[in-house]
Amino acid sequence: MTAGAQAAVTLQGVNTSFGSNHVLRDISLTVAQGERVVICGPSGSGKSTMIRCINGLERYQSGHITVDGIALTRDATSLKRIRRDVGMVFQSFNLFPHLTVLENCVLAPMSVRGMKRAEAKALAMDYLGRVKIPEQARKYPNQLSGGQQQRVAIARALCMQPRVMLFDEPTSALDPEMVREVLDTMVELAGSGMTMLCVTHEMGFARQVADRVIFMDGGEIVEQGAPDTLFAAPKTERLQRFLAQIL
Ligand code: ADP
Ligand code: MG
């Protein structure tokens with residue numbers, strides 16, 4: 001990152017425990033504006049917890065997090081500002097089943113950003129076009145395939161015009177033939193300059209778009225680097241073992 005440029009996301013010495021389970025151990029990380037970071041690591045290594053900390057879905061016991069220069073505290077105002085600026089896409093699409101695709105997309109822009117319905121609709125149709133499903137706008141989530149639902153979830157998050165997008169295993173719940181269409185959407189988003197943090201084990205995607213891959217294990221960042229370097233020459237035995245399992 002060039003000197004003076006404000007980081008999109010910073011974590012400094014973040015620790016999280018659930019009871020006696022110390023899940024994040026002194027995590028420090030700086031993500032530059034426009035940077036694309038892929039996070040991988042074995043199940044239970046703390047990836048989701050870290051991602052959830054960044055938009056205040058999970059509390060942490062010590063350390064500091066900032067998003068777009070705003071300190072994340074337990075104060076309701078800072079939480080609200082940060083959640084407005086951070087889009088999140090989960091493994092399970094979490095669409096509102098009783099609302100149409102379009103209504104799913106206009107809800108938050110209208111209620112949180114105070115957008116007028118007509119403006120929110122125009123924006124939603126624009127994003128549904130970008131994720132290539134504008135023709136599904138009037139349908140309900142259960143009338144769509146998993147891949148289409150996940151693309152709606154991405155469009156819905158983008159409708160809030162976030163500064164940062166967080167993805168937590170967005171393709172893990174999909175049938176194999178639908179993984180590609182969701183990854184294609186994410187590749188396109190990466191090309192638009194969006195700051196992205198993606199937990200995924202799709203290493204082809206990591207190679208294609210990631211500026212940096214972070215490998216977590218046991219609540220720590222064990223190794224990080226450019227995808228080609230990291231995959232070709234893992235330094236630790238832990239990463240070697242992990243790559244042997246997934247590649
Ligand atoms: P990953 O996403 O890498 O699989 P998680 O961040 O989901 O890992 O979980 C890390 C550890 O924290 C696991 O041991 C998990 O059981 C525990 N954990 C996660 N969320 C909670 C929670 N809400 N309450 C208690 N334990 C949790
Ligand atoms: Mg997880």
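Just so you know, ligand 1 is whichever comes first in the structure, and atom 1 is the first atom listed for that ligand.
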Exercise: identify the closest heavy-atom pair between L128 and A137: CD1-CB, 4.1 Å
Ring-plane angle category for F242 and F215, please: parallel below 30°, perpendicular beyond 60°, tilted otherwise. tilted
Does a sphere of radius 6.0 Å around CZ in R83 hold more than 12 heavy atoms from other residues, nucleotides or ligands, not counting ones at 6.0 Å or beyond? yes
Could you tell me whether the Mg ion (ligand 2) has an N, O or S atom of Q91 under 2.8 Å away? no
Would the number of heavy atoms belonging to other residues, nucleotides or ligands and lying under 6.0 Å from CZ of R81 be above 12? no
Nearest heavy-atom neighbours spanning M194 and R163: SD-O, 3.9 Å
Flag side-chain contact, heavy atom, 4.5 Å: M125 against L102: yes
Contacts table for ligand 1: protein N or O within a distance under 3.5 Å of ligand N or O, distances only.
from, atom 1, to, atom 2, distance (Å)
ligand 1, 2 (O), S48, N, 2.9
ligand 1, 2 (O), S48, OG, 2.8
ligand 1, 3 (O), S45, N, 3.1
ligand 1, 3 (O), S45, OG, 3.4
ligand 1, 3 (O), G46, N, 3.0
ligand 1, 3 (O), K47, N, 2.9
ligand 1, 3 (O), K47, NZ, 2.8
ligand 1, 4 (O), G44, N, 2.7
ligand 1, 6 (O), T49, N, 2.9
ligand 1, 6 (O), T49, OG1, 2.5
ligand 1, 8 (O), G46, N, 3.2
ligand 1, 14 (O), N21, ND2, 3.1

